[in-house]
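Shown next, in structure tokens, is the structure this report addresses.
Note that these values count all heavy atoms, side chains included, but never hydrogens, waters or copies made by symmetry.
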Amino acid sequence: LNSLVLDSQSKELLSHFAEIGLILLLLFAGLKINFRLFAKNFTTASGISLGKTALPLIAGFLLSYYTFGLSPTVSIIIGISLSVSAIALGLDILEEFKLLKTRFGSLVISVGAVDDVYGLVLVTIAIAFIESTATKSPLLSLAGNAALFGAAVIAFRFLIIPLILSIIEKNTEVTLLMSGFIIMML
């Protein structure tokens, strides 16, 4: 039925629109977050998120490795897949019930944000490990690429985005504001 309604090009386009929608939803939630509450809840959120990430990861690995006899690599992928969560649904519900700016909403968002970082790190490590074993490239070159990416993120955070913000703040033209908003989002 899926192939009758959408061809492969339409599916890819729809997938891109869905990703853009998710980015916009997370950006919208980020604009509504009270960062003082986020900072106040950070240690609690980190502990909750660590448990929320570690328990499904370990359980998924152990179950798939020992019960189903899968390889360690496949078992790690299953564990990571079980440990990654989706914050977008929670954001929508919190916004609908006007709980996003409460202490509870801030804690849920904080846990989700920290959990997403943990999940991203786990997925990145797994992909790097799989890629290094498949291509026989050393992990050192992958670590160098990760360091280069980290340097790029830091450069964007402390140099490029503040520069864009300073240019945007000088103008009140709606088109320029929207363009800057989209640039920072991407």
Side-chain angles (χ1 to χ4, degrees), residues 14-63 76-127 146 149-150 152-186:
L14 189 62
S15 173
H16 290 305
F17 279 128
E19 289 173 7
I20 290 170
L22 181 60
I23 290 169
L24 287 173
L25 178 64
L26 292 174
L27 184 64
F28 171 72
L31 292 173
K32 292 198 164 234
I33 289 176
N34 183 340
F35 285 102
R36 286 191 183 107
L37 278 176
F38 181 82
K40 184 178 176 183
N41 293 332
F42 185 75
T43 54
T44 305
S46 294
I48 293 170
S49 184
L50 184 62
K52 185 178 164 309
T53 302
L55 290 176
L57 174 73
I58 293 167
F61 173 80
L62 293 175
L63 185 68
I76 288 171
I77 292 171
I78 289 172
I80 290 172
S81 299
L82 292 173
S83 68
V84 176
S85 67
I87 189 71
L89 181 63
L91 291 176
D92 216 14
I93 293 170
L94 289 171
E95 177 65 26
E96 186 174 326
F97 287 107
K98 308 285 189 240
L99 295 172
L100 198 57
K101 291 190 175 186
T102 64
R103 186 180 191 298
F104 173 74
S106 179
L107 183 61
V108 169
I109 298 302
S110 300
V111 168
V114 173
D115 187 53
D116 286 347
V117 171
Y118 289 161
L120 183 62
V121 168
L122 286 172
V123 169
T124 303
I125 290 170
I127 289 172
F149 176 74
V153 167
I154 291 170
F156 268 89
R157 166 64 179 93
F158 292 107
L159 298 174
I160 296 171
I161 291 178
L163 177 67
I164 291 171
L165 284 174
S166 68
I167 292 170
I168 290 172
E169 287 174 351
K170 293 177 185 173
N171 285 313
T172 57
E173 192 175 318
V174 175
T175 308
L176 185 63
L177 291 173
M178 190 61 177
S179 300
F181 180 73
I182 291 172
I183 289 170
M184 287 187 300
M185 179 188 69
L186 297 175

Taking only residues two or more places apart in sequence, or in another chain, which ones meet [X] in a side chain to side chain contact (heavy atoms under 4.5 Å, CB included)?
| X | value |
| --- | --- |
| Leu122 | Thr53, Leu57, Ile80, Ser83 |
| Leu50 | Tyr118 |
| Leu163 | Ser166, Ile167 |
| Ile78 | Ser64, Leu70, Val74, Leu82 |

Atom pair OG (Ser46) and CG (Asn41), whose distance is rounded to the nearest 0.5 Å: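 If I round to the nearest 0.5 Å, the distance is 10.5 Å.
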
Can you tell me how far the CG atom of Leu99 sits from the CG atom of Leu94, to the nearest 0.5 Å?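 Going from CG on Leu99 over to CG on Leu94, the span is 6.0 Å.
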
With sequence neighbours left out, write down each residue that passes side-chain hydrogen bond (donor to acceptor under 3.5 Å, both in side chains) with Ser110, or none if nothing qualifies.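 Ser110 satisfies side-chain hydrogen bond (donor to acceptor under 3.5 Å, both in side chains) with no other residue.
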
Show the nearest heavy-atom pair for residues Ser49 and Val111, with the distance to one decimal.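 Minimum heavy-atom contact is OG-O, 3.7 Å.
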
